[in-house]
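We number each residue from 1, following the sequence as shown.
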Amino acid sequence: QATDFPAMSKLLFEIENYRGEGVAAALFYEAKVTEAIALVVDDQKKQAAKNAHPLSKEDIAGLRDVMSYIADHYTFDIPLDRLASIACMSTSKLKTCFKRHTGCTVTEYIQGRRMSQAEHLLIDTDFTMGQIAQMIGCTTSSRFAELFKKSTGILPIEYRKIARKDL
């Protein structure tokens with residue numbers, strides 16, 4: 001479900017791992033509830049816009065082919081023109097339709113797929129950060145750490161410690 005609503009997953013992870021107390025905690029939780037409501041309202045607006053001008057069955061099938069290709073090849077550099085060819089669309093149409101269908105750009109989708117796999121590897125394996133970076137298609141462990149922190153709000157090593165503590 002995290003791939004369906006990654007922003008909410010990130011927010012819930014932040015709430016789960018917050019350790020504040022007192023007035024600061026009350027303010028934190030109040031802000032997070034407001035943020036969650038805003039995410040749901042924004043998502044509903046996007047769904048309504050998507051339903052107002054639905055994509056054709058052929059376009060949806062092409063997008064599913066692209067998403068399947070990304071799932072199988074996310075560790076590699078994937079040129080946009082290759083994805084457009086798979087979807088039988090121009091690159092500009094692919095970008096527009098993909099954003100309407102998924103709510104994110106192709107690049108955001110690929111990064112989300114990579115970070116989702118990284119989360120799994122951090123929890124369930126003992127691979128080093130460098131090994132995980134290489135396995136998900138990042139060129140360096142520092143770039144991996146940067147992207148992971150942007151995605152989750154914390155560094156990969158911190159994520160591993162927190163996630164394993166709960167097991």
In terms of heavy-atom contacts, T91 and D81 come closest through CG2-CA, 3.9 Å
Can you see which heavy atom on L122 is nearest to which on M129, and at what distance? CD2-CE, 3.5 Å
How close do S90 and K93 get, counting heavy atoms only, and between which atoms? OG-N, 3.1 Å
Under the 3.5 angstrom rule, does the side chain of R113 hit a backbone N or O of D72 as a donor-acceptor pair? no
Can you give me the closest heavy-atom contact between C97 and L63, atom names plus distance? O-CD1, 3.6 Å
Specify the closest pair of heavy atoms between D77 and R82, including all atoms of both residues, with the distance to one decimal. O-NH1, 4.3 Å
Whether H73 and Y69 hold their rings parallel, tilted or perpendicular, with breakpoints at 30° and 60°: parallel
Non-hydrogen side-chain atoms of M8 and V40 separated by less than 4.5 Å: yes
How long is the span from the NZ atom in K149 to the CD1 atom in I154, to the nearest 0.5 Å? 9.5 Å
Connected via hydrophobic side-chain network under 4.5 Å: Y18 and L11: yes
How long is the span from the CG atom in L80 to the CG atom in L94, to the nearest 0.5 Å? 5.5 Å
Should I136 and F127 be counted in the same cluster of Ile, Leu, Val, Met, Phe, Trp and Tyr side chains packed under 4.5 Å apart? yes
Single-linkage hydrophobic cluster, 4.5 Å side-chain cutoff, I123 and M135 together: yes
If you count the non-hydrogen atoms of other residues, nucleotides and ligands that lie under 6.0 Å from OH in Y29, is the total more than 12? yes
Measuring from atom CZ of R114 to atom OG1 of T75, what distance do you get when rounded to the nearest 0.5 angstrom? 7.5 Å
Heavy-atom donor-acceptor pair, T102 side chain to F98 backbone, under 3.5 Å: yes
With heavy-atom distances below 4.5 Å as the criterion, would you say the side chains of I132 and P156 are in contact? no
Mind checking whether L39 and K10 have side chains closer than 4.5 Å, heavy atoms only? no
Is a side-chain donor or acceptor of D42 paired with a backbone partner of A38 at a separation under 3.5 angstrom? no
Side chain to side chain, K150 and Q111, heavy atoms closer than 4.5 Å: no
Distance from L155 atom CG to I162 atom CD1, nearest 0.5 Å? 10.0 Å
In Å, rounded to the nearest 0.5 Å, how long is the span from CD1 of I70 to OH of Y109? 6.0 Å
CG on L121 to CD on Q131, rounded to 0.5 Å: 10.0 Å
Scan side-chain atoms only and decide if T107 and T105 contain a donor-acceptor pair under the 3.5 Å cut-off. no
Give me the ring orientation class for Y159 and F148: parallel if the planes are under 30° apart, tilted from 30 to 60°, perpendicular past 60°. perpendicular
Is there a donor-acceptor pair closer than 3.5 Å between any side-chain N or O of T96 and the backbone N or O of S92? yes
Checking salt bridge (Lys or Arg N to Asp or Glu O under 4.0 Å) for the pair K161/E158: CA distance, chi angles, key distance, verdict? CA-CA 5 Å; K161 286 178 187 173; E158 296 168 343; over 6 Å; no
Tell me if the CD atom of E35 is crowded by more than 12 foreign heavy atoms within 6.0 Å. yes
Answer whether the closest heavy-atom distance between the side chains of V66 and M89 falls below 4.5 Å. no
